[in-house]
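None of these values were measured; they are calculated from a predicted model.
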Amino acid sequence: MNKEMRKEQAYLDNVMETIAKQINEVEADTEKRKEDVINIRRHFWDDLKINMDTFDDYLETIIGMRQQAQDLSVSQGTHRHAFNRLSRLKRIEKVPYFGRIDFAEEGTDDTEQIRIGVSMLTDETNENILIYDWRAPISSVYYDYPPGPAEYSTPGGIVRGDLEKKLQYNISNGLIESMFDTSLTIGDEILQGVLGKGSNKYMHSIVATIQREQNKIIRNVRGSLLIVQGAAGSGKTSAALQRIAYILYKYRETLKANQIILFSPNNMFSSYVSHVLPELGEENMQQETFQDYLEYRLGKSFNVEDPYDQLEYLLNAAGDPFYKTRKASIQLKASSSFFGAINRYRESLETSGMIFKGIKFRGHTLISSKQITEIFYSKDTSLRFLNRIEKLKEWLIREIDKIEKTELSKSWVQGEIELLSKEELQKVFTQLEKTEDFNEDSFNFYEKQHKVLARMIVRRKLKPLRKRVEALQFINIKRLYKQLFENSMSTKLWNEGEVPDRWGEVCVLTREMLEEGNLFQEDATPYLLLKELIQGFQSNTAIKHVLVDEAQDYSVFQFEFLKRLFPAARMTVLGDFNQAIFAHADNFEDFHALTSLYGQSETESIVLDRSYRSTRQIIDFTRQLIPEGEQIKAFDREGEKPALTKLADHAELHEEIIAKIDYLHNSGDHTIAVICKTAAESSAAYQALSTVRDLKLVKKNTGEYQQGVIVIPAYLAKGIEFDAVILYDASNQVYGEENLRRLFYTACTRAMHHLQIYSVGEPSYFLDNVGTGELLETEG
């Protein structure tokens with residue numbers, strides 16, 4: 001061990017000793033705090049004197065309760081603080097830090113050695129920082145600069161200086177196994193080691209290997225919208241999650257994890273990324289799929305098609321007579337022009353076209369839909385639309401109040417009174433007992449009792465009706481949306497010459513679906529928008545940051561809706577249009593359209609063009625599959641060439657796959673994915689490969705990503721990586737249409753170390769322009 005290494009090890013030994021000592025102290029303190037909390041809870045009521053005899057006694061009791069509750073809250077807070085500190089110390093116990101910079105601040109003669117780790121550590125005096133948190137302002141120098149002039153931002157301004165040295169460490173269990181003097185990049189040696197490992201059932205944070213371009217994403221806090229376009233495997237999602245950890249660190253006094261929401265592509269992906277923030281010492285943010293939100297808002301009204309069923313239809317139904325109409329419907333309803341059409345439609349309802357439900361009670365119409373319409377268009381027409389709706393609601397409530405009075409004397413009420421239970425009668429009797437002129441023997445008492453009982457019965461029966469009116473359910477949103485697709489509406493929705501292609505056919509198809517109580521996936525967000533425009537928007541101002549992953553799968557329409565839904569939030573959008581597999585993406589080739597959401601000045605875009613997931617051989621192959629793929633740069637990690645094997649039939653295919661899985665297992669691959677085109681093909685492949693040990697089939701409702709061998713449709717594999725990928729059948733019969741190119745590319749780019757492609761018959765023409773021999777081993 002050379003002199004510098006010994007010096008570094010001595011520093012590390014001191015750090016390890018400090019950590020061990022602080023863990024012992026904090027463990028004892030945490031246990032004591034825990035006992036305090038348990039003790040206060042156990043004796044909360046024992047130490048409290050309850051006395052309500054006089055006002056002073058009552059006041060003293062309330063003050064005592066408040067003091068007890070405050071003591072409990074303080075104890076819980078101090079216990080939580082001690083527990084969190086202990087968790088931070090345990091997290092850095094084996095690997096306290098990963099890097100060091102030697103920085104000389106401008107105007108000083110001293111060079112400070114800054115060690116950087118996942119969490120900050122101070123010495124016993126709490127005055128000297130032994131390890132800086134990777135999110136601290138000065139730590140940005142480590143990620144952004146080679147040795148030479150450098151600067152970093154602080155709340156007090158820009159600090160400039162000279163970066164004299166930058167080191168990376170490989171530390172394990174308190175020992176420095178190796179250290180590297182790095183310059184332009186964050187140590188390729190360490191990055192090689194990290195990327196060369198097998199994949200896991202969870203994505204992990206790798207703050208030691210954050211690259212300069214990723215650091216720009218993490219520390220960007222300027223605009224309201226950050227757009228990140230990145231190649232497959234470029235670290236978009238990892239950088240975005242570390243960005244959230246950074247934001248929670250930077251704004252820890254004003255921002256909490258529950259004020260941030262991530263829209264994931266599916267629940268399995270949510271599980272996959274769920275460990276990143278806890279690894280960095282932060283609570284997880286809210287996670288949801290956009291489909292979950294749609295189901296929550298619309299599931300009681302319709303059977304809402306999910307996006308994967310929509311995609312399955314498009315992948316399997318090319319011969320269906322309605323295929324072209326359905327595809328036109330998807331593309332139209334995803335567009336900003338349709339967003340505008342719905343807004344114009346709502347504006348037209350100010351003068352005509354509103355549809356209401358009549359108010360019925362006990363099978364009789366009390367207020368007809370025609371009456372409600374006449375009232376709406378005859379009163380308060382100068383008010384804003386939503387105010388007119390509110391006034392109409394108030395009028396209906398007053399009418400129900402009148403109806404209540406007329407119902408009190410009807411014969412059905414007496415019948416209901418006779419059916420009341422003893423408990424309900426006793427309740428009314430107790431109420432009357434409290435009145436000043438209570439006299440059970442008087443005739444007046446029984447008359448009063450009958451009135452109270454009648455009022456109770458009628459109000460109970462009218463309560464659901466009042467609630468429906470309060471919730472604006474007298475507005476017939478279903479029929480209003482259906483009316484949107486009637487032939488007479490064209491002139492209100494579209495200017496002359498702007499009527500979309502196949503609009504008439506789209507209208508017929510949509511009306512038929514609505515009549516069956518179903519809602520196409522492409523109709524779900526437009527329907528919800530119309531509902532909100534008429535009833536008032538249910539916006540969520542508590543959310544301060546929104547992340548949208550796999551954003552290329554969202555329509556412009558959906559982004560417009562999200563902006564309205566979270567008006568107080570900043571947005572981070574992550575995507576790769578080479579993996580845009582949904583039909584609406586044909587008209588949405590980049591994120592330029594999103595700049596109008598917040599304006600050009602509030603929008604920033606970052607492009608990640610280097611891929612780290614796969615070996616250089618796999619990246620060199622996959623970038624040949626897409627237009628402008630030459631712009632994707634490969635990290636120089638060596639491996640085997642992808643292989644293409646042509647087979648005669650499916651029986652031979654299944655024999656080859658089973659043998660290949662066995663070979664890959666023996667090669668040390670822990671996660672192996674057999675990727676198919678559709679769910680139907682996946683199900684058939686799973687049955688045929690059933691002899692493979694611990695084989696798992698991934699479906700759209702699979703909640704957790706499992707290690708081992710899985711069979712999965714290509715569209716569910718997005719965002720996840722595997723040690724090895726077996727492309728089930730890449731024949732021209734399966735992948736013979738241009739609109740499948742992105743799906744094919746997505747499947748191939750899931751592979752980290754090995755990519756095996758099989759074809760039953762002639763391979764897809766996507767492979768025609770890929771240099772065989774040089775980029776792709778072929779056999780069969």
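Distance alone, capped at 3.5 Å, is enough to place a donor-acceptor pair between the Glu602 side chain and the Ser224 backbone. Side-chain atoms of Asn220 never come within 3.5 Å of backbone atoms of Leu226 as a donor-acceptor pair (strictly under, hydrogens ignored). The backbone N or O of Ile606 lies less than 3.5 Å from no partner atom in the side chain of Glu213, so there is not a single donor-acceptor pair. With hydrogens and angles disregarded, a donor-acceptor distance shorter than 3.5 Å links the side chain of Ser614 to the backbone of Ala751. Between the side chain of Arg243 and the backbone N or O of Ile217, at least one donor-acceptor pair lies under 3.5 Å. Looking only at distances, no side-chain donor or acceptor of Arg564 sits under 3.5 Å from a matching main-chain atom of Glu560. When atom types are taken as modelled, the side chain of Gln9 and the backbone of Ile176 share a donor-acceptor pair closer than 3.5 angstrom. Put simply, the side chain of Lys236 gets close to the backbone of Ala231: a donor and an acceptor are under 3.5 Å apart. With hydrogens and angles ignored, the 3.5 Å screen pairs a side-chain donor or acceptor of Tyr11 with a backbone N or O of Leu130. No side-chain donor-acceptor contact under 3.5 Å links Lys633 to the backbone of Glu630.
For Thr702, the side-chain contact (heavy atoms from CB on, under 4.5 Å) test picks out Met268, Val698, Lys699, with sequence neighbours left out. For Lys563, the side-chain contact (heavy atoms from CB on, under 4.5 Å) partners two or more places apart in sequence, or in a different chain, are Leu597, Tyr598. Under the side chain to side chain donor-acceptor pair (under 3.5 Å) criterion, Asp110 pairs with no residue, sequence neighbours left out. Remark: Gln617 pairs with Thr615, Glu638, Lys641, Pro642 by the side-chain contact (heavy atoms from CB on, under 4.5 Å) rule, at least two apart or across chains. With sequence neighbours excluded, no residue satisfies side-chain contact (heavy atoms from CB on, under 4.5 Å) with Ser596.
Ring-plane geometry between Phe98 and Tyr143 is classed as tilted, the angle between the planes lying from 30 to 60 degrees on a 0 to 90 degree scale. By the 30° and 60° cut-offs, the orientation of the rings of Phe559 relative to Phe591 is perpendicular. Relative orientation of the Phe561 and Phe290 rings is perpendicular, given thresholds of 30° and 60° on the angle between their planes.
Taking CG of Leu225 as the start and OG1 of Thr603 as the end, the distance is 4.5 Å to the nearest 0.5 Å. Considering OG of Ser611 and CZ of Arg616, their distance stands at 13.0 Å, rounded to 0.5 Å. Rounding to the nearest 0.5 Å gives a distance of 11.5 Å between OG of Ser274 and CG of Asn267. Atom OH of Tyr97 and atom CG of Leu12 lie 4.0 Å apart (nearest 0.5 Å). A distance of 7.5 Å separates CZ of Arg88 from CZ of Arg91, quoted to the nearest 0.5 Å.
Applying the side-chain hydrogen bond (donor to acceptor under 3.5 Å, both in side chains) test between Lys718 and each of Thr749, Asn266, Asp553, Asp549 identifies Asp553 as the sole match.
Stacking of Arg212 on the aromatic ring of Tyr145 is recorded, both the 6.0 Å distance cut-off and the 45° axial limit being met. Judged by the 6.0 Å distance and 45° axis criteria, Arg252 is positioned over the aromatic ring of Tyr249.
Neither side chain, His753 nor Arg613, offers a donor N or O lying under 3.5 Å from an acceptor on the other. If you check the side chains of Glu288 and Gln286, you find no donor sitting under 3.5 Å from an acceptor. No side-chain donor from either of Asn215 and Gln211 sits under 3.5 Å from a side-chain acceptor of the other. Donor-acceptor pairing under 3.5 Å is recorded for the side chains of Asp292 and Thr289. For the residue pair Gln579/Asp576, the side-chain donor-acceptor check at 3.5 Å is satisfied.
Between Ser119 and Ile131, the closest side-chain pair of non-hydrogen atoms is not below 4.5 Å. In this structure, the side chains of Pro713 and Leu716 come closer than 4.5 Å at one or more pairs of heavy atoms. Within the 4.5 Å cutoff, the side chain of Val725 has no heavy atoms near those of the Cys748 side chain. The shortest distance between side-chain heavy atoms of Leu625 and Phe744 falls below 4.5 Å. Counting only heavy atoms from C-beta outward, the side chains of Arg570 and Val221 approach each other to under 4.5 Å. Side-chain contact between Gln214 and Tyr612 is present, with heavy atoms from C-beta onward closer than 4.5 Å. You'll find the side chain of Thr572 stays beyond 4.5 Å of the side chain of Val548, heavy atoms only. Counting only heavy atoms from C-beta outward, the side chains of Asn170 and Glu177 approach each other to under 4.5 Å.
Within 6.0 Å of the CD atom in Glu151, the count of heavy atoms belonging to other residues, nucleotides or ligands exceeds 12.
Under a 4.0 Å N-O distance rule, the pair Arg219/Asp144 does not qualify as a salt bridge. Comment: Lys700 engages Asp306 in a salt bridge, judged by a side-chain N to carboxylate O separation of less than 4.0 angstrom. Under the 4.0 Å criterion applied to side-chain N and carboxylate O atoms, Lys165 and Glu4 are assigned as salt-bridge partners. A salt bridge links Glu604 with Arg222: the closest approach of a Lys/Arg side-chain nitrogen to an acidic carboxylate oxygen falls below 4.0 angstrom.
Among pairs with a residue in residues 113-138, those fulfilling salt bridge (Lys or Arg N to Asp or Glu O under 4.0 Å) read Glu8-Arg115, Lys21-Glu124, Asp133-Arg135, Arg135-Glu282, at least two apart in sequence or across chains.
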Kindly determine whether Tyr169 and Phe180 satisfy ring-ring contact (aromatic ring centres under 6.0 Å, His included), including the steps that lead there.
CA-CA 6 Å; Tyr169 305 98; Phe180 307 95; 9.5 Å; no
